[in-house]
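Have a look at the structure below before the remarks.
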2 protein chains.
Amino acid sequence: MDIFSTLQEEKARLSPSETRIADILLNDFEFAVNASIIELAEKADVSPPTVTRFCRRVGCESFSDFKVQLARTAYVGMRYLRPEPKSRDPGDVAQDIITKAQNALFLLHRSLDLAAIEQAAEKIAKAEMIYAFGSGGNSSMIASELQNRLFRFGLHVTASSDHGMQLMLAAAAKSTHVIVGSSFSGRNTELVRSFTLARETGVTTIALTQADSLVAKAADIVIPIDLAEGNNIFRPTSTRIAYLAAVDILASLVAYNIPQAAVTLRRIKQQLVAHRDGDDRQLLGD
Amino acid sequence: MDIFSTLQEEKARLSPSETRIADILLNDFEFAVNASIIELAEKADVSPPTVTRFCRRVGCESFSDFKVQLARTAYVGMRYLRPEPKSRDPGDVAQDIITKAQNALFLLHRSLDLAAIEQAAEKIAKAEMIYAFGSGGNSSMIASELQNRLFRFGLHVTASSDHGMQLMLAAAAKSTHVIVGSSFSGRNTELVRSFTLARETGVTTIALTQADSLVAKAADIVIPIDLAEGNNIFRPTSTRIAYLAAVDILASLVAYNIPQAAVTLRRIKQQLVAHRDGDDRQLLGD
DNA sequence: GATCCTTGCAAATTATTTTCGTGATAAGTT
DNA sequence: AACTTATCACGAAAATAATTTGCAAGGATC
């Protein structure tokens, strides 16, 4: 699919010369993407044909195809390999954070289970009542975001970040209701309890969480969001951005499953347009 | 800087042949990025030299440089030109949203005022007390995010989304304090009032908002976040993602301005490691 | 010792760029 | 209005550069 994944997989099987080429890609990417095959060959101390063969090996048609592929994925793929910013210089820090965020989106997109999302969207669109559960700074934000997005389509929805409240809501929920729970860690046992309780009465439970986690196992429908973890505890923003995007996708698909949604949205839009005398229109963005 | 911006700017000045080349880029981008100069020339019904001249015109060294640039920016730049998803198919919707989000990050990165952010970071790092203000679904999230990030460095910080409370806090603030206010629209007049009030007592005010907006004009330091607006009211997620990234950058730079931050973070880390018997470590991610 | 893999050399092929010249258009001149 | 001149766009062909292929040598492995 993308060169960097292939490179990770093939790494062990590469010959010495090919390894030297790979090293240049990883270390001096800017050079690699701008160099001609001759320049690259010289720097890697190999012959041009070896470079061509290397390109074929990582799944490209030709050297120029390789460069295009490289340039295409590099923008988002690089940080995957270089986890720390080069320096404390504001420019480097900014670039590091931006690229990490874009990378998170990239990885999310690649690992997205569209069938699960579509299934979840259909259930949500038909639900008589929706509960959005999430606790902790990150997941509670996701829960309110869900509420924020879904009420606009005329759906009945409430968000809760309180475990006790979640349990009570889950206990009172009916089979026509849907619970959407978010857990970055997948280890929110309180959420698991709510899910288990709700499923006894036939409530549909949807989880936004790590695949195969405790929370995932407790839910009817799982929208898995698996991002490279590691340092993520100290840098949670990129993970959160991925979750936000996932909610955005889910909400958009819900809208397509609701015939009236277009009408409701149009009404909101007209109201906004009618209102916008003093550019008030923008105020609703805050 | 990137081809698509240049193309937008140069569009009017292009000759008929060059316009045909540009059209192919915009309509059949996949072809363009994979084609040789001859194939591209044939499709545009021009001669290869014309293609070379076109590449130079849009700021590239050569045709191959052009293709690399194209491939590089295309990943994020395409949605700029094609604002709607191709279909309602989940895959297309997902791709549309992801690309829009990445595009927002891309544009943020390009328009970032690093000097302002660095200046803001220094002020925040030295402040005796920090107030994070923001109202409405979007900006209030940014305010709590700021609190969430800054308290970890041992800073004194509180977030408020309540206009009345903001006014009172602003009135009581001292010259050693800092107010950070967020307004997506830049037209939050209540926030302007708080800023104005606070500045009377020499409080440093920092705004995350649109450049040249009302809020921007009322603040000491402006971290401008200007994204192509248009449909953004109905698709606020990508703008929010950009704001989140901006906060992330700001917070990281604050950390570098605080000598003890590393110590505090290390202590948190050690606590986490000590705690992680049952992989509890991950729980804090929620 | 046979086989397979890796690699570089040189030739062949292909792609790209430069040079140069033609024709068109626009502006200025008589 | 007709002519001249300048400027520009564009393509043909030549020149150059880059890339690929075929082949053979060297080295590792069985």
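In what follows, every chain begins at residue 1, and chains take the letters A, B, ... in the order their sequences are listed. Side chains are part of it too, since the values below use all heavy atoms of this structure and drop only hydrogens, waters and symmetry mates.
At a threshold of 4.0 angstrom between heavy atoms, the contacts of A/S64 with the nucleic acid are absent.
In this structure, the side chain to side chain contact (heavy atoms under 4.5 Å, CB included) partners of A/A94, at least two apart in sequence or on a different chain, are B/L112, B/L114, B/I249. Applying the side chain to side chain contact (heavy atoms under 4.5 Å, CB included) criterion to B/A245, with sequence neighbours excluded, gives A/I98, B/L105, B/L108.
The NZ atom of A/K67 sits 11 Å away from the P atom of C/dT16 (whole-angstrom rounding). When the P atom of C/dT17 is taken as reference, atom CG of B/D65 falls 10 Å away, rounded to whole Å. Here the P atom of nucleotide C/dT17 and the CZ atom of B/F66 are 11 Å apart, to the nearest Å. One atom, CD1 of B/I37, and another, C1' of C/dT14, lie 13 Å apart when rounded to the nearest Å.
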Got a list of side-chain donor-acceptor pairs under 3.5 Å for residues 51-58 of chain B, not counting sequence neighbours?
{"residue": "B/R56", "atom": "NE", "partner": "B/E61", "partner atom": "O", "Å": "2.8"}
{"residue": "B/R56", "atom": "NH2", "partner": "B/E61", "partner atom": "O", "Å": "3.4"}
{"residue": "B/R57", "atom": "NE", "partner": "B/E10", "partner atom": "OE1", "Å": "3.4"}
{"residue": "B/R57", "atom": "NH1", "partner": "B/E18", "partner atom": "OE1", "Å": "2.8"}
{"residue": "B/R57", "atom": "NH2", "partner": "B/R13", "partner atom": "O", "Å": "3.0"}

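Nearest nucleotide to the A/F63 side chain, out of D/dT19, D/dC10, D/dT21: D/dT19.
Salt-bridge formation is detected for the pair A/D248/A/R149: a Lys NZ or Arg NE/NH1/NH2 atom is positioned less than 4.0 Å from an Asp or Glu carboxylate oxygen.
Note on the helix from C/dG1-D/dC30 to C/dT30-D/dA1: terminal axis deviation equals 10°, with five pairs used at each end and the result rounded to 10°.
Closest heavy-atom contact between A/Q210 and A/A216: O-CB, 3.5 Å.
Contacts between residues 38-46 of chain A and DNA chain C, defined by a heavy-atom separation below 4.0 Å, involve A/D45, A/V46, listed by number.
Annotation: salt bridge (charged side-chain N to carboxylate O under 4.0 Å, His left out) contacts involving residues 32-50 of chain A, sequence neighbours excluded, comprise A/D28-A/K43.
One finds a side-chain N or O of B/S15 lying less than 4.0 angstrom from the OP1 or OP2 phosphate oxygen of D/dC10. Using a 4.0 Å cut-off, no side-chain N or O of B/S47 falls inside it from OP1 or OP2 of D/dC10.
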